[in-house]
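Letters A, B, ... are given to chains in the order of the sequence lines, protein chains preceding strands, and every chain is numbered from 1.
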Amino acid sequence: MSVRVRYAPSPTGLQHIGGVRTALFNYLFARSSGGSFILRIEDTDQQRFSEEALKDLYETLDWFGIRCDEGPDVGGACGPYIQSHRFDIYQEYARKLLDSGHAYRCWCTAERLTAVREKQEQEKSSYKGYDRHCRDLTAAQQEEMKRENPNPVVRLKIPLDGSTSFSDMLMGEITRKNSDINPDPVLMKSDGYPTYHLANVVDDHLMEITHILRAQEWIPSGPLHVLLYRAFGWDPPVYCHLPMVMGKDGQKLSKRHGSTAVREFREQGYLSEAMINYISLLGWSFDDKREFFTLQELEELFSLDKINKAPGVFDYKKLEWFNGQYIRMKDARQLKEMLIPYLVHDQVVDNPPSPQQLEILDQAMPLIQERLHLLNDVSEMTRFLFCDIPAPPADQLIPKKHDASSTAEILSSSLKLLEPLDDDSVDRLEQEFREFCTREGIKLGAVLMPLRVAVTGSTISPPLFESMKLLGKEKTLSRIEAAIDQLRQKEQECDE
RNA sequence: GUCUCCUUCGUCUAGUGGUUAGGACACCGGGUUUUCAUCCCGGCAACAGGGGUUCGACUCCCCUAGGAGAUGCCA
């Protein structure tokens with residue numbers, strides 16, 4: 001029987017790392033085993049449903065290149081793939097459970113439920129959850145309850161004794177006493193929508209899902225789901241509970257720890273390849289030497305038995321390192337195209353960029369490609385090439401062991417050396433400066449640093465002579481002159 | 001509280017009875033270099049603890065400790 005797996009997100013928020021990891025593993029397992037990957041939208045929570053979240057889901061999968069074989073957008077034999085479109089199906093199956101005596105209606109109000117819970121809390125009772133008030137009501141009692149609350153929920157009758165177990169590919173056998181399972185979980189809400197438990201079991205069965213790969217936070221409801229399968233007379237699929245993704249403090253990864261939404265990473269300039277690569281290594285590994293993988297390679301090499309049991313901490317630093325690696329691997333032309341939106345967004349270049357700006361960017365590529373960690377970094381790194389910058393304050397210009405006066409001298413001399421800037425080679429220019437330093441007995445750094453600050457506005461910049469060349473002689477010289485003015489002013493202030 | 005699961009360097013991990021316990025990120029040195037970055041070299045650093053089993057345990061079993069997750073008309 002061929003493998004059929006699914007990713008079944010709930011469109012209540014932006015796609016986050018944890019969800020995407022689950023999606024990826026399911027997808028990779030399907031591909032590596034020649035099976036099918038199915039997308040199912042679990043929108044049974046009408047309160048929390050968000051149109052934007054749904055859109056974000058498609059965009060995210062698309063960005064990663066994770067394509068589904070069956071799903072809302074591509075169709076398939078087991079549709080519809082949106083749970084809200086399967087409303088009637090759940091009604092039907094809930095009815096079956098009711099008829100077979102595996103489930104019952106419950107008219108308890110939210111108020112009563114909270115009262116029950118509060119009481120349990122006060123008494124520090126070890127018994128938690130629903131008190132099964134409606135489980136064995138007489139017909140007369142039912143009538144009475146109906147008057148109080150006309151919209152009942154449907155609850156599953158969990159056996160009072162015995163235990164239920166299931167086998168997990170990673171964990172092995174997991175057993176839970178039935179008395180420890182959430183007493184009679186709601187299957188059908190009062191608004192007629194199913195809860196996750198019902199919808200998930202019904203759909204996975206109807207869609208002929210063979211393996212369920214989901215996060216370990218679902219382990220506790222495993223036995224409950226198995227009970228449901230049995231109530232229907234079905235065989236449960238194979239389970240594989242994936243290790244959770246944690247933050248640095250060991251707690252479930254959340255906004256507290258940093259970005260969690262894929263969209264945020266994307267906006268910051270993370271590459272899809274880098275994220276795929278990093279995420280694939282979250283709880284999975286290939287061997288002890290290889291850690292670079294393309295999606296295509298993963299589709300081939302991925303295997304369930306290399307998944308780790310223990311939860312993993314999401315390491316932002318390593319992701320960033322991967323991103324830098326992938327940026328450096330990128331074709332320069334391609335990378336350039338990817339950078340433009342960031343430059344436009346930060347108003348470093350026009351929208352669309354002018355031919356001159358594109359030309360400059362083109363030539364700047366070799367200078368910035370090995371310096372970028374995130375695409376986002378490009379604006380700060382290249383702003384001085386495209387925009388006017390304020391003359392740096394004198395203090396920033398003066399290198400160690402120099403003062404305003406000597407720095408101004410240095411810059412003035414540099415001005416002359418830079419006369420042939422436009423038509424001279426970078427190497428030759430550098431040679432000139434080296435000779436100048438030897439002649440004057442100044443350190444090369446003491447000359448280049450004030451120049452760098454004058455021209456780029458920062459002590460950190462791409463290589464100086466290349467930068468000057470890109471900037472053009474005119475702007476370069478005028479920035480140096482502006483810097484000299486700053487220094488002269490400072491000199492005067494000191495004299496006074 | 002109760003239940004379930006987990007436990008190799010700070011982090012991600014390799015390892016399936018005999019290894020100087022390997023790699024990567026981070027960190028710290030050093031080199032290349034006009035700054036930054038890249039790149040190269042080197043260093044630091046781990047089998048949670050205690051019992052067994054065994055000629056021999058990181059590897060198998062038990063206990064303890066620690067961590068996490070679940071305990072909803074959310075998924």
Winner on side-chain proximity to A/K252, out of B/U35, B/A26, B/A70, is B/A70
Mind checking the C1' distance from B/U33 to B/U16? Whole angstroms is fine.
47 Å
Which of the following nucleotides, B/C73, B/U34, B/U38, is nearest to the side chain of A/H373?
B/U38
Give a yes or no on whether the backbone of A/M188 and the side-chain of A/T195 come within a donor-acceptor separation of less than 3.5 Å.
no
If you check every side-chain atom of A/R117, which of B/C3, B/U34, B/C73 has the closest atom?
B/C73
For nucleotides B/C40 and B/G50, find the distance between their P atoms and express it as a whole number of Å.
41 Å
Can the ring centroids of A/F322 and A/H373 be said to lie less than 6.0 angstrom from one another?
no
Distance between P atoms of B/C74 and B/G67 (Å, rounded)
32 Å
Whole-Å distance separating the CD atom of A/E380 from the P atom of B/C36
16 Å
With a 3.5 Å cut-off and heavy atoms only, can you find an N or O donor on one side and an acceptor on the other between the side chain of A/S461 and the base of B/C36?
no
As its Watson-Crick or G-U partner within any shown strand, both distances under 3.5 Å, B/A70 has B/U2
Does a distance-only test, which skips hydrogens and angles, find a donor-acceptor pair under 3.5 Å between the side chain of A/R176 and the base of B/U4?
no
Between A/Y278 and A/F314, is the ring centre distance below 6.0 Å?
yes
Using a 4.0 Å heavy-atom cut-off, does A/K124 contact any base of the nucleic acid, only the sugar-phosphate backbone, or nothing at all?
nothing
P atoms of B/A26 and B/G18, separation to the nearest Å
33 Å
Taking the six-membered ring for Trp, are A/Y196 and A/H225 ring centroids under 6.0 Å apart?
yes
Nearest-Å distance for atom pair CE/P, residues A/M188 and B/G72
20 Å
Can the ring centres of A/F87 and A/Y193 be said to be less than 6.0 Å apart?
yes
What's the gap between B/A68 and B/U59 when it is taken at their P atoms, as a whole Å value?
24 Å
Output yes when at least one side-chain N/O atom of A/K189 is less than 4.0 Å from OP1 or OP2 of B/A75, else no.
yes
Just name whichever nucleotide pairs with B/A26, Watson-Crick or G-U, keeping both distances under 3.5 Å, else none.
none
Return the nearest nucleotide to the side chain of A/W321; candidates are B/U34, B/C6, B/A24.
B/A24
